[in-house]
Trainee: 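One structure, pasted below without further comment.
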Amino acid sequence: MNIRRPRGTEDMTPQNSTGWQHLVDTARRVAGRFGYGEIRTPVLEHRELFVRTVGESTDIVEKEMYSFQDRGGRDLTLRPDATAPAARLYLQENLFAEAQPVKLYYVNWPIFRYERPQAGRLRQHHQFGVECFGSPDPAVDAEIISLALHYLHELGLSDLQVSINSIGCPDCREDYRQTLVGHFRECEGEMCEDCRRRLRKNPLRILDCKRDECQKYLQEAPLMSSFLCDDCAAHFFQLQQYLQVLDVGYQCDSTLVRGLDYYTRTVFEITHPALGAKDVVCGGGRYDGLVEILGGEPTPGVGFGMGLERLLIIVESEDAELPGADQLDAFVVTIGDAAHREAVSLLKSLREGKISCDMDYLDRSVRAQMRYADKYPARFVLMLGDDELQSGQITVRNMQTGQQCMVDIDSVAEYLAEKTSSACG
RNA sequence: GUGGCUGUAGCUCAGGCGGUUAGAGCGCUAGGUUGUGGCCCUAGAGGUCGGGGGUUCGAGUCCCCUCAGCCACCCCA
């Protein structure tokens with residue numbers, strides 16, 4: 001085995017695909033219940049899309065993008081973020097001309113970031129997310145957080161922590177940023193290396209530094225909440241009222257800062273203890289300037305992204321119920337060449353009757369075929385040999401009870417259709 | 001990008017201080033019943049000991065490099 005999958009990527013096999021399908025199906029159902037419609041965009045986008053929206057100086061753009069030139073000399077990038085492509089779609093597909101607001105969701109979107117893999121962090125991961133364009137109403141922010149929780153609860157999860165914060169609009173955030181830089185500049189020499197770098201690059205990030213040497217300066221640091229302009233403060237206040245109406249338990253975290261440039265006002269995260277250091281399963285917020293950055297009219301927006309691989313870690317840690325492997329309705333065991341030929345046509349009619357079925361293709365003994373059927377697992381085994389070919393009646397064995405009976409070959413599809421539908425309830 | 005730990009069969013792992021043809025359990029295949037699964041019994045297949053280089057009479061074992069996995073930092077879902 002020479003060629004292996006690239007670092008930080010995962011394969012999916014039939015053994016774990018049913019769990020994944022459950023996550024995806026549930027996401028579609030819940031998003032639909034909230035009035036969101038599904039979108040899809042290419043995995044490839046122009047590099048410029050992310051440079052302009054996510055931000056030139058962010059880690060994502062600076063060192064985590066899979067970018068290359070195609071044969072026509074275009075600078076393309078494997079999407080490292082889903083919100084920017086969604087905004088691009090909103091503009092390009094003229095969704096601004098439809099009835100507003102426009103509520104969109106996506107599931108199973110591959111996202112690429114060139115990072116060092118660790119627990120819950122991959123170079124290719126997959127996201128479920130929603131985006132609502134066109135309304136500044138804090139009730140939408142609340143709805144989106146509530147949607148995420150509905151989804152997580154529907155998967156049977158608990159032990160989730162919702163954290164929210166407001167990072168203000170560009171105006172009040174800039175005031176705050178300058179004050180913060182002024183505050184930390186005095187003690188810059190005492191702070192850790194990372195924070196000295198953050199001071200130049202993204203001062204708000206200093207607030208969630210965990211190093212002891214920085215803690216005392218953090219205590220004295222001014223808080224964003226006292227810098228919010230009247231409109232932003234009112235928006236944040238109303239968001240919290242709506243969350244209470246929706247029975248969403250949350251905590252305000254003034255150190256919560258999202259790393260992407262397009263965020264305004266509301267930012268939030270949902271975390272779970274099973275995830276280790278990378279404990280965020282869902283992150284999102286408001287991006288009122290995003291569409292305008294891409295050349296559209298000023299358009300408010302809110303959304304979140306949820307990491308499906310991380311979600312699966314949580315689901316497994318909580319032993320939440322996942323559907324088991326799909327059963328096969330019928331396995332046809334054949335004895336002899338004539339039966340083998342007859343089985344091929346029997347499968348055809350069973351499948352036309354919506355019965356899932358299979359047969360032996362390795363010329364195996366009856367015993368080996370039975371073992372194979374058992375492992376599938378198959379609900380029924382149909383025994384087809386010389387006796388059955390002569391009588392026109394096939395032996396039907398219920399693999400759970402071990403009971404057998406004879407059924408006319410011509411009517412076995414209907415017989416199984418009835419048996420298997422009642423078995424599933 | 002930085003640091004720590006780990007790579008032996010498909011999977012989980014044994015292999016004293018370097019010493020002959022590298023083992024177990026599970027899984028897989030076949031048989032035990034020439035037409036009947038699960039449990040049990042028997043047998044078999046499957047390994048360039050992650051890869052490359054070095055030390056040595058001799059390397060799965062020691063050294064270096066590299067790749068990969070896990071974990072943490074940075075940062076993010």
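Order of the sequence lines fixes the chain letters, A, B, ..., with proteins taken first and strands second; residue numbering starts at 1 for each chain.
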Trainee: Rounding to an integer number of Å, can you tell me how far A:Arg121 CZ sits from B:rC73 C1'?
Mentor: 9 Å
Trainee: Could you please name the option among B:rG1, B:rA77, B:rG37 that lies closest to any side-chain atom of A:Arg310?
Mentor: B:rA77
Trainee: Look at all strands and tell whether A:Ile111 reaches a base, only sugar-phosphate, or nothing, counting heavy atoms closer than 4.0 Å.
Mentor: nothing
Trainee: Given B:rG37, B:rC71, B:rA77, identify the nucleotide with an atom nearest to the side chain of A:Val280.
Mentor: B:rA77
Trainee: Would you mind reporting whether A:Glu10 and A:Met12 have side-chain heavy atoms less than 4.5 Å apart?
Mentor: no
Trainee: For the side chain of A:Met383, starting at C-beta, report the closest nucleotide among B:rU29, B:rA72, B:rU36.
Mentor: B:rU36
Trainee: Pick the P atom in B:rU8 and in B:rG54, then give their distance to the nearest Å.
Mentor: 24 Å
Trainee: Taking donor-acceptor contacts at under 3.5 Å, does the side chain of A:Gln369 reach the base of B:rU36?
Mentor: no
Trainee: Return the pairing partner of B:rU34 with a 3.5 Å limit on both distances, Watson-Crick or G-U wobble; otherwise return none.
Mentor: none
Trainee: Is any NZ, NE, NH1 or NH2 atom of the basic residue among A:Arg197 and A:Asp194 found under 4.0 Å from an Asp or Glu carboxylate oxygen of the other?
Mentor: yes
Trainee: Look at the side chain of A:Arg116 and the base of B:rC71, then say whether one donor and one acceptor between them are separated by less than 3.5 Å.
Mentor: no
Trainee: Under 4.0 Å between any heavy atoms, over every strand shown, what does A:Gly129 touch: base, sugar-phosphate, or nothing? Just pick one.
Mentor: nothing
Trainee: For the side chain of A:Gln118, starting at C-beta, report the closest nucleotide among B:rA77, B:rG37, B:rC71.
Mentor: B:rC71
Trainee: Taking the P atom in each of B:rC65 and B:rG3, what is the distance between them to the nearest angstrom?
Mentor: 12 Å
Trainee: Between C1' on B:rU36 and CD on A:Gln400, what's the gap in Å once rounded to a whole number?
Mentor: 17 Å
Trainee: Counting just side-chain N and O atoms, does A:Arg258 come under 4.0 Å of either OP1 or OP2 of B:rA77?
Mentor: yes
Trainee: Rounding to the closest angstrom, what is the interatomic distance between B:rU36 and B:rA30 at atom P?
Mentor: 15 Å
Trainee: Please classify B:rG16 as syn or anti, treating any glycosidic angle within 90° of 0 as syn.
Mentor: syn
Trainee: OP1 or OP2 of B:rU36 versus the side-chain N and O atoms of A:Thr395: is any pair under 4.0 Å?
Mentor: no
Trainee: Tell me whether the centres of the aromatic rings in A:Phe268 and A:Tyr250 are closer together than 6.0 Å.
Mentor: no
Trainee: For B:rC74 and A:Arg198 - does any side-chain N or O of the residue sit under 4.0 Å from the phosphate oxygens OP1/OP2?
Mentor: yes
Trainee: Does the structure show a Watson-Crick or G-U wobble partner for B:rA68, both distances under 3.5 Å? Name it, or say none.
Mentor: B:rU6
Trainee: OP1 or OP2 of B:rU29 less than 4.0 angstrom from a side-chain nitrogen or oxygen of A:Lys375, does that happen here?
Mentor: yes
Trainee: Work out how far the C1' atom of B:rC5 is from that of B:rA43, and round it to whole angstrom.
Mentor: 40 Å
Trainee: Quick one: do A:Glu174 and A:Arg177 make a salt bridge, cutoff under 4.0 Å?
Mentor: yes
Trainee: For the pair made of CZ in A:Phe268 and P in B:rA77, what is the distance, rounded to whole Å?
Mentor: 11 Å
Trainee: Regarding A:Ala119, tell me which of base, sugar-phosphate or nothing describes its non-hydrogen contacts under 4.0 Å with the strands shown.
Mentor: sugar-phosphate
Trainee: A:Asp59 CG to B:rA77 P: how many Å, rounded?
Mentor: 12 Å
Trainee: Picking from B:rG38, B:rA30, B:rU36, which would you name as closest to the side chain of A:Asp374?
Mentor: B:rG38
Trainee: With a 3.5 Å limit on both atom pairs, tell me what B:rG47 is paired to, counting Watson-Crick and G-U wobble, or say none.
Mentor: none
Trainee: What distance, rounded to whole Å, do you find between the two P atoms, one in B:rC67 and one in B:rG52?
Mentor: 15 Å
Trainee: If the P atom of B:rG10 is compared with that of B:rU29, how far apart are they to the nearest Å?
Mentor: 15 Å
Trainee: Round to a whole Å and report the spacing from CD of A:Glu269 to P of B:rA77.
Mentor: 8 Å
Trainee: Go nucleotide by nucleotide along RNA chain B from the 5' end; which of A:Gly385 and A:Gln127 gets its closest nucleotide reached first?
Mentor: A:Gly385
Trainee: In whole Å, I'd like the distance from the CZ atom of A:Arg364 to the C1' atom of B:rG31.
Mentor: 15 Å
Trainee: For B:rC17, what is the paired nucleotide under Watson-Crick or G-U wobble rules, both distances under 3.5 Å?
Mentor: none
Trainee: Work out how far the P atom of B:rC26 is from that of B:rC40, and round it to whole angstrom.
Mentor: 8 Å
Trainee: Both distances below 3.5 Å, Watson-Crick or wobble geometry, any strand: find the nucleotide opposite B:rC74.
Mentor: none
Trainee: Please give the nucleotide sitting opposite B:rA59 as a Watson-Crick or G-U wobble pair, both distances under 3.5 Å, or none.
Mentor: none
Trainee: Take atom P in B:rG44 and the same atom in B:rU20, then report the distance between them in whole Å.
Mentor: 23 Å
Trainee: If you check every side-chain atom of A:Glu115, which of B:rA77, B:rU2, B:rG37 has the closest atom?
Mentor: B:rA77
Trainee: For residues A:Arg123 and A:Glu115, report the shortest heavy-atom separation together with the two atoms involved.
Mentor: NE-O, 2.7 Å
Trainee: Should A:Asp358 and A:Tyr376 count as side-chain neighbours, where that means a heavy-atom distance under 4.5 Å?
Mentor: yes
Trainee: Please compare A:Arg123 and A:Val366 by the position of their nearest nucleotide in RNA chain B and report the one closer to 5'.
Mentor: A:Val366
Trainee: Do the side chain of A:Arg7 and the base of B:rG69 come within less than 3.5 angstrom through a donor-acceptor pair of N or O atoms?
Mentor: no
Trainee: Determine, for A:Tyr106 and A:Arg40, whether the Lys NZ or Arg CZ falls below 6.0 Å from the six-membered ring centre while staying within 45 degrees of the axis.
Mentor: no
Trainee: Among the nucleotides B:rC73, B:rG37, B:rA77, which one has an atom lying closest to any side-chain atom of A:Met370?
Mentor: B:rG37
Trainee: When the distance from CD of A:Gln404 to C1' of B:rG37 is rounded to whole Å, what number comes out?
Mentor: 11 Å
Trainee: Report the distance from atom CZ of A:Arg379 to atom C1' of B:rG37, rounded to the nearest whole Å.
Mentor: 17 Å
Trainee: Do the side chain of A:Glu388 and the base of B:rG35 come within less than 3.5 angstrom through a donor-acceptor pair of N or O atoms?
Mentor: yes
Trainee: Compile the donor-acceptor pairs under 3.5 Å between side chains in residues 406-415 of chain A and protein atoms, sequence neighbours left out, one pair per line.
Mentor:
{"residue": "A:Asp408", "atom": "OD1", "partner": "A:Gln393", "partner atom": "NE2", "Å": "2.9"}
{"residue": "A:Ser411", "atom": "OG", "partner": "A:Asp408", "partner atom": "O", "Å": "3.3"}

Trainee: In this structure, is the centre-to-centre distance between the rings of A:Phe304 and A:Tyr105 below 6.0 Å?
Mentor: no
Trainee: Remember a base hit wins even if backbone is also touched, and classify A:Gly8 as base, sugar-phosphate or nothing at under 4.0 Å, heavy atoms.
Mentor: sugar-phosphate
